[in-house]
Amino acid sequence: MLSMSGPAEYVHAYAESVGALFAHRMILWTCAMTAVMFVLLVTRLTRADEETSRSEVIRSLPIGRRADLAAALLVSAGAAVVLGGLLALAATGLDGGDGTSPLLFGAVHTAVGLVFAGLTAVAAQLSENASTATGYGLAALGASVLFAGAGNAEGNWATWLSPIGWSQLTFVYTPEQRWWPLLVSVLVAVAAVLVAFTLVAHRDFGQGMFAARRGRAEAKPGLRSAGALTLRLTRGLIWTGAITLLLLGMAYGSVLGGADDFADGLSAAQKEILDRGGADLKLSFATTFISINAIVAALFGVLVVGRGRKEETVGRGELVAAGPVSRLGWPGTYLPAALFAATVTNILGGLGLAAVGAGGDGGLFGKIMTGTLVQLPAIWVLVAFVFAAFAWLPRAGWLRWLAWTWTLLVVYFGGLLKLPEWAKAVSPFDHLGNYPAEDFSTAALVVLTVIAAALAAFAYAGLRRRNLSFN
């Protein structure tokens, strides 16, 4: 549990500080989301603009070679400061800590944003395309989460290898609160920016420091349809999602195996916080882990739809659409690809959780896998909604991220934030029930599946009616 939340110093302050409980539950996840934001932002303002030749227009003017990178980092730094300020305001009024605790809560997110902006700036110089640069940035985030989790669980030095760990080690809202770990974040961010500025002056425009691998002279026989091409273009995301969910499920399974021992040391109030409606704390834990796996799996479906929008805007889709391909073939095949990615990754996450967490208990294994399958209709609704937004409102890319973020808030923080029932009901996951801690409704699963099918039909109707946005 410490690996998925933070150091034990926060737990020790629960009785005196609501802010400590809030920070303990929030920092890992909100910092991870912050890191994703700045990976995508810096990639968009650097490598993506260079890949699409927008930077070439700017560089045709009398500016220096580092000007576009400097501008991207200045915008990112400003965004990080504004984000930290808003989060400080959001945390104002929490019991516990001192007058500087809200400022420190905001500052830890600013620090994470600056670090990942710098690291992504370096990644943008190493690769010649935006997708790979984004992959490098997200890989750094994954390593950061793993090191923070390992260090927090064991209470050892591994936390100091993680930018997110440095933010957790501020112990905000606890009696041990301190600011100085953020100095490490600042130093690493500055160092990464200096490296990025050095690299950008030693590479050719449009190229990366790492040479691109030569492609095949001729396409494989399987690439004879738009659907096959879509799967080929998204297979990296699908493999990443499959491996990520399998490892995540196994990590959660290792925690699930020790749930009974963990429960022995909890007070009645702490058990109430963790309860998901079941008398067995292990089933409550399993329910929470199944839900988190489903949200992460849905994320990969959202990313696949985003890849379809990218192919459209950069003009590569124009080459496909110029052939004898219907709208259902392109870009319509991105919906089945997204559903496939989300479904497969969710099932693999459940297998990892059940295989490690069940401990040879066949009944618990079956309940975990059933609970994993129960999540699928809600995942399909979310992915179908995202695709419908892509079909009808292609320029409103923020809609897909708003939908996914809201489901995360409802599933993981809904109880803690005491969201009203109508707000939680917007999320399809809120209608599934808390299986295996509680029974699920078969009728709800049928209704959600029908809604997903209706959204898919609505999306395809939109694709037939709108113009494709080739730039």
Side-chain angles (χ1 to χ4, degrees), residues 1-5 25 28-29 32 142 145-146 148-150 152-153 238-263 271 273-301 339-380 382-383 404 407-408 410-415 427-430 432-440 445:
M1 292 303 296
L2 293 177
S3 71
M4 291 185 296
S5 50
R25 292 287 297 272
L28 174 64
W29 298 99
V145 171
L146 288 176
N152 292 330
I238 295 173
W239 275 110
T240 300
I243 295 171
T244 299
L245 264 295
L246 183 61
L247 294 177
L248 188 64
M250 293 172 67
Y252 287 158
S254 66
V255 175
L256 185 62
D260 292 334
D261 294 335
F262 177 74
K271 289 181 179 179
I273 291 173
L274 296 170
D275 181 60
R276 293 294 296 267
D280 187 346
L281 190 61
K282 180 177 285 189
L283 292 181
S284 295
F285 277 19
T287 301
T288 299
F289 298 153
I290 288 170
S291 299
I292 295 174
N293 277 347
I295 293 296
V296 178
L299 172 62
F300 286 95
L339 293 172
F340 175 78
T343 300
V344 170
T345 54
N346 182 59
I347 292 174
L348 287 175
L351 282 173
L353 176 62
V356 177
D361 184 346
L364 180 58
F365 185 97
K367 288 181 178 180
I368 292 174
M369 290 308 302
T370 301
T372 298
L373 296 177
V374 164
Q375 301 293 317
L376 290 178
I379 293 175
W380 296 338
L382 178 58
V383 173
W404 181 82
T407 59
L408 173 65
V410 170
V411 169
Y412 195 73
F413 301 113
S427 168
F429 292 88
D430 187 59
L432 296 175
N434 291 321
Y435 189 85
E438 296 176 338
D439 292 335
F440 63 87
L445 301 184

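Residue V383 comes nearest to G301 through the heavy atom pair CG2-CA, 4.3 Å, listed as atom of the first residue, atom of the second, then distance. For L364 against G357, the heavy-atom pair with the smallest separation is CD2-O, 3.9 Å. Scanning all heavy atoms of the two residues, the minimum distance from T345 to G241 falls at CG2-C, 3.2 Å.
Residue D430 holds its CG atom at 10.5 Å from OG of S291, rounded to the nearest 0.5 Å. Taking CG of L28 as the start and CG of N152 as the end, the distance is 8.0 Å to the nearest 0.5 Å. The OG atom of S427 lies 8.0 Å from the CG atom of L382; values are rounded to the nearest 0.5 Å. T287 OG1 to E438 CD: the interatomic distance, rounded to the nearest 0.5 Å, is 8.0 Å. To the nearest 0.5 Å, the span separating CG on L348 from CG on L248 amounts to 12.0 Å. Taken from CD1 in I368 to CG in L351, the straight-line distance is 10.5 Å, to the nearest 0.5 Å.
Contact check for Y435 versus I290: no side-chain heavy atoms found under the 4.5 Å cut-off.
Listed by chain and residue number, nothing satisfies the ring pair (Phe, Tyr, Trp, His ring centres under 6.0 Å) test with F300 (two or more places apart in sequence, or in another chain). With sequence neighbours excluded, the residues that form a side-chain contact (heavy atoms from CB on, under 4.5 Å) with L299 are L303, W401, W404. Evaluation of the side-chain contact (heavy atoms from CB on, under 4.5 Å) rule for A150 yields no partner, not counting sequence neighbours. In this structure, the side-chain contact (heavy atoms from CB on, under 4.5 Å) partners of L373, at least two apart in sequence or on a different chain, are I347, L376. Residues satisfying the side-chain contact (heavy atoms from CB on, under 4.5 Å) criterion with L246, sequence neighbours excluded, are M250. Contacts of T343 classified as side-chain hydrogen bond (donor to acceptor under 3.5 Å, both in side chains), with partners at least two apart in sequence or in another chain: W380. Partners of N293 under the side-chain hydrogen bond (donor to acceptor under 3.5 Å, both in side chains) rule, at least two apart in sequence or in another chain, do not exist in this structure. Every residue two or more places apart in sequence or in another chain was checked for a ring pair (Phe, Tyr, Trp, His ring centres under 6.0 Å) with F365, and none qualifies. Shown here are the side-chain hydrogen bond (donor to acceptor under 3.5 Å, both in side chains) partners of S5, two or more places apart in sequence or in another chain: H24.
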After noting the C-alpha distance and the side-chain angles of F440 and N434, does the key distance pass the side-chain contact (heavy atoms from CB on, under 4.5 Å) rule? CA-CA 7 Å; F440 63 87; N434 291 321; over 6 Å; no

Go through the steps to decide whether L445 and L432 satisfy the test side-chain contact (heavy atoms from CB on, under 4.5 Å), and finish with yes or no. CA-CA 7 Å; L445 301 184; L432 296 175; 3.6 Å; yes

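Of the possible donor and acceptor atoms, none in the side chain of N346 sits under 3.5 Å from a partner among the backbone N and O of A342.
Residue pairs meeting the side-chain hydrogen bond (donor to acceptor under 3.5 Å, both in side chains) criterion with at least one member in residues 361-372: none, sequence neighbours excluded.
Between Y252 and F289, the two ring planes are parallel [angle under 30°; tilted spans 30° to 60°].
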